[in-house]
There are 2 protein chains.
Amino acid sequence: MAKGEETRERIVRHALQLSSTEGLEGLSIGGLATDLGLSKSGLFAHFGSKEELQLAVLKLVAERFEREVLLPAFRAPRGEPRIRRVFDRWMDWMNDAAQGGCPFVAASFELDDKVDSRPRGYLVTAQRLLLQSLARAAQIAKEEGHFHADLDPEQFAFEMDGVMLSYSHWKRLLRDPKAEVRARQAFERLLAASRRMVNQTAS
Amino acid sequence: MAKGEETRERIVRHALQLSSTEGLEGLSIGGLATDLGLSKSGLFAHFGSKEELQLAVLKLVAERFEREVLLPAFRAPRGEPRIRRVFDRWMDWMNDAAQGGCPFVAASFELDDKVDSRPRGYLVTAQRLLLQSLARAAQIAKEEGHFHADLDPEQFAFEMDGVMLSYSHWKRLLRDPKAEVRARQAFERLLAASRRMVNQTAS
DNA sequence: CTTTTAAACGAACGGTCGTACTATTCATAC
DNA sequence: GTATGAATAGTACGACCGTTCGTTTAAAAG
């Protein structure tokens, strides 16, 4: 059926927007209903529980990230160009995301301690997938000869993740106008290190 | 007077512990009171508002970070050894912190959108101070000749911040057993780049 | 057009929230 | 040992929470 599905999507879209400032736990059924001109119970019926609503929000985020970041980036040529496209799209994603920053980032630090919650489980899966895609892109860059043969693709993903998180921290909390320049510089340094010598082991 | 002060500290210590899993907003006066065997109103009287309680928690965190990370680290010899000590102490801090991860990290992503809130304002100040201390340590490492003359100390702080955030992300959300090794490796790579050539500008 | 099914509503439930008052207990200083 | 003020308790409040249930409206199917 069509009508219910449409309303449900309207709800989830708005819930995503709200959650980016209030957090997933800060979402309220009543508040959402008022915003959308629905009754509390009418809205609630679409999900059956608040947890299910949170899950729906996370699924929408994952779907959008796939569509707006990963898929377009993976259409770029294999190797370093593709990695750069991931970075550029990812930065755009960080800047968009409805003035509330990346919902994944917010959810990551909100749910990290909520063991055994379904939203957390889903988020972990989605984030692992995301970072594995990135690692795969780095692996391809090795095969193309753009990155050094000793490079650890997962380590690359770890460090690029750090750049994005630091960017979010400096821009959204600290309101540092240089945040974007710093992120780009950090990324360039990471790329440079990945091309040449790399991977001296710690201590 | 002594008695009230003591109780207040007991409250704030426990609130800090709770907030590391539930978040600052997830703190509840009633819950805290029950946990500590106090009445809701008796506990409330110590602060006058929930916001004041959150503020007290953040102040305790800042005080502890200063005492357990920055001060000990700055007793190390100037330059790279001092930077290493900051990293080691910071990693210890990340691992301790009452099984709930670094409260600053959690609070950063919880409060980043709550404009005009006193807790946010305090957090921003504390975090800027922390990162400026780190940048100062990097500046000193330049003066000692350990770091390259072209190094941007704030950029160094940005990237080291990224390592810690990524560590938190991979360890606490993703539960990746290699998280600590990855963080140490990222830090070593950052150090290596800071010693030699650095700072090629982006695009 | 009628029947059936989906979608939304309205009211109410038991709880918990932060906060405001007043009263009581307790520690401290005289 | 009593007075004084701080520390804690008790009670109540209005608001909002997620959720349930029975009803009503609206859409889809026959």
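Fair warning: this is a prediction, and the values are worked out from it, not measured in the lab. Residue numbering restarts at 1 for every chain, and letters A, B, ... go by the order of the sequence lines.
A side-chain N or O of A:Q127 and one of B:H169 form a donor-acceptor pair less than 3.5 Å apart. The closest side-chain donor-acceptor pair between B:Y167 and B:N95 falls under 3.5 angstrom.
Under the 4.5 Å side-chain criterion, counting only non-hydrogen atoms from C-beta, B:F65 is not in contact with B:L60.
Within the 4.0 angstrom heavy-atom criterion, no nucleotide atom of any strand lies near B:G26.
Ion pair A:E159/B:R189 flagged as a salt bridge, since at least one NZ, NE, NH1 or NH2 atom sits closer than 4.0 Å to an Asp/Glu carboxylate oxygen. Remark: B:E180 engages B:R184 in a salt bridge, criterion side-chain N to carboxylate O under 4.0 Å.
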With a 3.5 Å cut-off and sequence neighbours excluded, list the donor-acceptor pairs that the side chains of residues 133-140 of chain A form with protein atoms.
from, atom 1, to, atom 2, distance (Å)
A:S133, OG, A:L129, O, 3.0
A:S133, OG, A:R136, NH2, 3.4
A:Q139, NE2, A:E143, OE2, 3.1

Please table the atom pairs, donor to acceptor, closer than 3.5 Å between any side-chain atom in residues 32-39 of chain B and protein atoms at least two apart or in another chain.
from, atom 1, to, atom 2, distance (Å)
B:T34, OG1, B:G30, O, 3.0
B:D35, OD2, B:H14, NE2, 3.0
B:S39, OG, B:G42, N, 3.0

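Of the residues in residues 43-55 of chain A, A:F44, A:S49, A:K50 come within less than 4.0 Å of DNA chain D through at least one heavy atom, sorted by number.
Listed nucleotides: C:dC9, C:dG18, D:dA9. Nearest to the side chain of A:L38: C:dC9. Between C:dC17, D:dG18, C:dA8, one nucleotide has an atom nearer to the side chain of B:S28 than all others, and that is C:dC17.
The rotation axes computed at either terminus of the helix from C:dC1-D:dG30 to C:dC30-D:dG1 lie 10° apart, taking five pairs at each end and rounding to 10 degrees.
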What are the atom names and distances for every N/O pair under 3.5 Å that joins the protein to nucleotides 10-13 of chain D?
from, atom 1, to, atom 2, distance (Å)
D:dG10, N7, B:S41, OG, 2.6
D:dG10, O6, B:S41, OG, 2.8

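The nearest whole Å value for the distance from the CD atom in B:E22 to the P atom in C:dT16 is 15 Å. Separating the CG atom of A:L32 from the C1' atom of C:dA8 is a distance of 16 Å, rounded to the nearest angstrom. Taking atom CG of B:L27 as the reference point, atom P of C:dG18 lies 9 Å away to the nearest angstrom. Separating the CD1 atom of B:I29 from the P atom of C:dC17 is a distance of 9 Å, rounded to the nearest angstrom. Distance, B:E5 CD to C:dA27 C1': 16 Å, rounded to whole Å. We find that CZ of B:R8 is positioned 12 Å from P of D:dT8, with the value rounded to whole Å.
Between the side chain of A:R78 and the main chain of A:A141, no donor-acceptor pair closer than 3.5 Å is present. Side-chain atoms of A:E110 never come within 3.5 Å of backbone atoms of B:E110 as a donor-acceptor pair (strictly under, hydrogens ignored).
Residues that satisfy the ring-ring contact (aromatic ring centres under 6.0 Å, His included) test with A:F87, not counting sequence neighbours, are A:F187.
Looking at every heavy atom in both residues, A:H146 comes nearest to A:E80 through ND1-N, 2.9 Å.
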